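Worksheet for the structure shown next.
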Amino acid sequence: MLALDRRGLQTLLAQRTLRSLIPLVLAPVTILPLTGAMVTLAVRRTAAAAAAPASIAAGVAGFLGLPARSATDVQQGREAIADLLAARSGVAESPGLAATLVARYHSTLASPQLLFGLLDHFWFLWYVCLMVAVLTAAETAGLGPSGRHRWWLVPANCLPFTMMRWPFGPDTALGLVPPPHLSFFMPVASG
Amino acid sequence: MNAGTFRCEGLETPLGRHGKIVLPLSLVVIFPTALATIGRPPFTATLQPAFAWGMSVGLIGVFDRWMARPSAAVRWLADASYWMYLAHLPLVIILQSYACDLPWPAVAKFTVIDVVTVVVLLVSYRWEVRFTPIGWLLNGPQSISPRG
């Protein structure tokens, strides 16, 4: 609002495009893939830590009535199974960059994530862009916030809280389509 | 509310004039009550927004009272906070995956992850972001030189 009143609508739009929209557009090729890679790495680490050490597995085998094996045998067996699974599932084969991109494009189009889980923690930037668009439309139509009746916004803010899914605080919406209660909450809290 | 208040009262708004009452009231009374009534819609719908408004108004008052003068350090931290918001998640996730194996109390893990993340991101902002095109994109042209 400060930028709008001091520098005008065009400057506000240019500034929000640079500060919010471009980082949002760049996120799917920068931070979001990095976040996905870190999640994959973290899951692999956790799974590896959760697997019983080979020495324990070798000891437990006797209790289960299985043939006794050394820890080295168990470890070698695990590696052989991993190789076998990788070979049969085709994990080791690389489909090529173009094929991977096309496959990801179509899986994204078919995925409910497009609506509900695409933006990750960049959801707030998306809401900023949406609110700037709404503010621009309102100002152009002469319906921008005047502040005259602003105290009604405090009780009005309670209404969307009856619809929040999270137990404390406002929900976050990770998809492109904002849910109605957040579409009401965000402008009321800001406008 | 924010935009309307600015339109009516500008930056000199007296909105935070009762901050020294509203802030402790929000922290000591409203917040614990809101926590204790989670899952009970009438309380949720009133106490949680009341806490949010109380904290906002109270903090406006605190900053009006004690931090009204512009500060280059605070401005730098405010600029850096946007980069930290954008880039924190991968770092937090990988640190959590390492911390979960440690036999430490949860508070200690939380603190270490927080401190390491903040330090790494502040250092990266200072030397890898602020005086690069990324810094210009996120925070605009910089008036202070890299050696300044």
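Here is how names work: the chains are called A, B, and so on, in the same order as the sequence lines, proteins then strands, and each is numbered from 1. All values reported here derive from a predicted model rather than from experimental measurement.
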What part of [X] is in contact with chain A, defined as an atom under 4.5 angstrom from a non-hydrogen atom: side chain, backbone, both or neither?
{"X": "B:Ile134", "answer": "neither"}
{"X": "B:Ala34", "answer": "both"}
{"X": "B:Tyr98", "answer": "both"}
{"X": "B:Phe51", "answer": "side chain"}

**Message:** Walk me through whether B:Met67 and B:Val62 qualify under side chain to side chain contact (heavy atoms under 4.5 Å, CB included).
**Reply:** CA-CA 8 Å; B:Met67 301 189 74; B:Val62 165; over 6 Å; no
**Asked** Side chains of A:Trp166 and A:Thr172: do they bring a donor and an acceptor to under 3.5 Å?
**Response** no
Measuring from atom [atom1] of [X] to atom [atom2] of [Y], what distance do you get when rounded to the nearest 0.5 angstrom?
{"X": "A:Phe122", "Y": "B:Leu89", "atom1": "CZ", "atom2": "CG", "value": "9.0 Å"}
{"X": "B:Leu91", "Y": "B:Gln96", "atom1": "CG", "atom2": "CD", "value": "10.0 Å"}
{"X": "B:Lys109", "Y": "B:Leu95", "atom1": "NZ", "atom2": "CG", "value": "12.5 Å"}

**Asked** B:Ile93 pairs by side-chain contact (heavy atoms from CB on, under 4.5 Å) with which of A:Thr40, A:Val43, A:Val39?
**Response** A:Val39
**Prompt:** Looking at B:Gly39, B:Pro49, B:Pro42, B:Pro41, which has the largest count of heavy-atom pairs under 4.5 Å with chain A?
**Reply:**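 Highest number of pairs under 4.5 Å: B:Pro49.
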**Item:** Toward chain B, the part of A:Phe185 with a non-hydrogen atom under 4.5 Å
**Value:**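 It is neither, since no heavy atom gets under 4.5 Å.
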**Prompt:** When heavy-atom pairs shorter than 4.5 Å are enumerated against chain B, which of A:Thr30, A:Leu41, A:Leu125 gives the highest number?
**Reply:** A:Leu125
